[in-house]
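Reviewing the structure listed below.
In listed order, ligands and their atoms are each counted from 1. When a residue number appears, it is its place in the shown sequence, counting from 1.
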Amino acid sequence: MRTPRTLITGGAGFLGSHLCDRLLAEGHAVICMDNFITGSPDNVASLIGNQHFHLIEHDVTNYIYVDGPLDYVLHFASPASPIDYLQYPIQTLKVGALGTHKALGLAKAKGARFLLASTSEVYGDPLVHPQPETYWGNVNPVGLRGVYDEAKRFAEAMTMAYHRYHGVETRIVRIFNTFGPRMRLDDGRALPTFMRQALQGEPLTVYGDGSQTRSFTYVNDTVEGIFRLLHSDLVDPVNIGNPDEITILDFAKEIIALTNSPSPVIFETLPEDDPLIRQPDVTRARQSLHWQPQFSRAEGLRLTLAYVQDQLRALANG
Ligand code: NAD
Ligand code: UDP
């Protein structure tokens, strides 16, 4: 059998780079395409030289050309942290809309299976809790986060249209807050921010009163869920996330305890439209993919802490 060939857009980002590792380990040839707007070639540096790995710098909102056959297209390109998509609002809308269109067009031309990286943000500030895939969401289209949420909602609609009208084999994963090594320490997300602050003895900046909740998933579990979904026959969206929900204030305290830090917590203004609750209903993933998280938050945090400590040491040594 021929080696499967897979394109990963956004492959030099946090999640994309872990997917490159996983698919290479599964015997795929991987083409990683990225414009490095929020990712970095450093994330895939260890793969350079692997004859089955190719890194291409390209903005996928423009026509995507790939030589030869393709079996899978995984569309992960998009700014993903709130400060990133607030800094790049138009680019975020473009990669969700035009980028998804280009990636789907490529999948159609090659007869490849397409997988879209969607998000729990399609549920917005949810009125249903926990969130099953059948919930349509509560999104403010004209709010600051609308650039990300609506881009992903459009991307899901475009993916379904290519499936229904062009017969493209499609999969949609709705990823909940994922963490682990290779997150940028300055991406503004709660976990890298809190860990950096705790290790540097700075106050941990909790937004609002910290009663808003999230459900954090370790990256290996997210990658496993995506891998299983890719090889399943599920066309409908699938939530992948650890249902273990925690308030952001308790999360900050957990990181202070883990790092044995003297840092206090300080409270800052809650950003506009910040969802107040979030927990995935993972019944579909459990039943259809036989997936469930294997890493507790505590274990994931320990593994991530080692990475953050290394990064800070490297920064300190210039
Ligand atoms: P990331 O910023 O680390 O990775 C995104 C990558 O896409 C970066 O390498 C970036 O340079 C690249 N990119 C952006 N626009 C591009 C363009 N026009 N052309 C080519 N490359 C482009 O973010 P991440 O956390 O790894 O997220 C990856 C994907 O997963 C995103 O689509 C995101 O919406 C989705 N997702 C992530 C999470 C999470 O918790 N990390 C949760 C839900 C959804
Ligand atoms: N958050 C916080 N302090 C920070 C960064 C984030 O209190 O320094 C909060 C943020 O307001 C949100 C939660 O932590 O309620 C998770 O934020 P993150 O940016 O990690 O992800 P998202 O909001 O996209 O789920």
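- Screening residues 216-225 for salt bridge (Lys or Arg N to Asp or Glu O under 4.0 Å), with sequence neighbours left out, gives R22-E224, E224-R228.
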**OP:** Starting from the C-alpha separation in whole Å, work towards a yes-or-no answer on salt bridge (charged side-chain N to carboxylate O under 4.0 Å, His left out) for R2 and D71.
**Re:** CA-CA 10 Å; R2 187 173 58 75; D71 301 285; 2.9 Å; yes
**OP:** Starting from the C-alpha separation in whole Å, work towards a yes-or-no answer on salt bridge (charged side-chain N to carboxylate O under 4.0 Å, His left out) for E121 and R278.
**Re:** CA-CA 9 Å; E121 285 279 330; R278 178 177 293 161; 2.6 Å; yes
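- L116 and V139 are not part of a single hydrophobic cluster, where members link through side-chain heavy atoms under 4.5 Å apart.
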Measure and list all N/O to N/O distances between ligand 2 and the protein that fall under 3.5 angstrom.
from, atom 1, to, atom 2, distance (Å)
ligand 2, 3 (N), T205, O, 2.5
ligand 2, 7 (O), Y207, N, 2.7
ligand 2, 8 (O), T205, O, 3.2
ligand 2, 8 (O), T205, OG1, 3.0
ligand 2, 8 (O), Y207, OH, 3.4
ligand 2, 11 (O), D274, OD2, 2.5
ligand 2, 15 (O), Q212, NE2, 3.0
ligand 2, 15 (O), R214, NH2, 3.4
ligand 2, 15 (O), D274, OD1, 2.7
ligand 2, 15 (O), D274, OD2, 3.3
ligand 2, 20 (O), A190, N, 2.8
ligand 2, 21 (O), N177, ND2, 3.3
ligand 2, 23 (O), R145, NH2, 3.0
ligand 2, 23 (O), R214, NH2, 3.1
ligand 2, 24 (O), R145, NH2, 3.1
ligand 2, 25 (O), N177, ND2, 2.8
ligand 2, 25 (O), R214, NE, 2.6
ligand 2, 25 (O), R278, NH1, 2.7

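- With contacts defined as side-chain heavy-atom distances shorter than 4.5 Å, the pair T159/L104 qualifies.
- By the neighbour-count criterion of 12 heavy atoms within 6.0 Å, atom NE2 of H58 is densely surrounded, having more than that number from other residues, nucleotides or ligands.
- Using modelled atom types and a 3.5 Å distance limit, the side chains of Y123 and R174 yield a donor-acceptor pair.
- Between the side chains of H129 and E245, at least one donor-acceptor pair of N or O atoms lies under 3.5 Å.
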Distance dump, ligand 1 polar atoms to protein, N/O, under 3.5 Å:
from, atom 1, to, atom 2, distance (Å)
ligand 1, 2 (O), T38, OG1, 2.6
ligand 1, 3 (O), F14, N, 2.8
ligand 1, 7 (O), S78, N, 3.4
ligand 1, 9 (O), G13, N, 3.1
ligand 1, 9 (O), D34, OD1, 3.2
ligand 1, 9 (O), D34, OD2, 2.6
ligand 1, 9 (O), G39, N, 3.3
ligand 1, 11 (O), D34, OD1, 2.6
ligand 1, 11 (O), F36, N, 3.4
ligand 1, 11 (O), I37, N, 3.0
ligand 1, 11 (O), T38, N, 3.1
ligand 1, 11 (O), G39, N, 3.0
ligand 1, 13 (N), N35, OD1, 3.4
ligand 1, 18 (N), D59, OD1, 2.9
ligand 1, 19 (N), V60, N, 3.0
ligand 1, 21 (N), N35, N, 3.2
ligand 1, 21 (N), N35, OD1, 3.2
ligand 1, 25 (O), R189, NH1, 3.3
ligand 1, 25 (O), R189, NH2, 3.0
ligand 1, 26 (O), F14, N, 3.3
ligand 1, 26 (O), L15, N, 2.8
ligand 1, 32 (O), F76, O, 3.0
ligand 1, 32 (O), K152, NZ, 2.8
ligand 1, 34 (O), Y148, OH, 2.5
ligand 1, 34 (O), K152, NZ, 3.0
ligand 1, 40 (O), T178, N, 2.8
ligand 1, 41 (N), R189, NH1, 3.1

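- With sequence neighbours left out, the side chain to side chain donor-acceptor pair (under 3.5 Å) criterion links D209 to S211.
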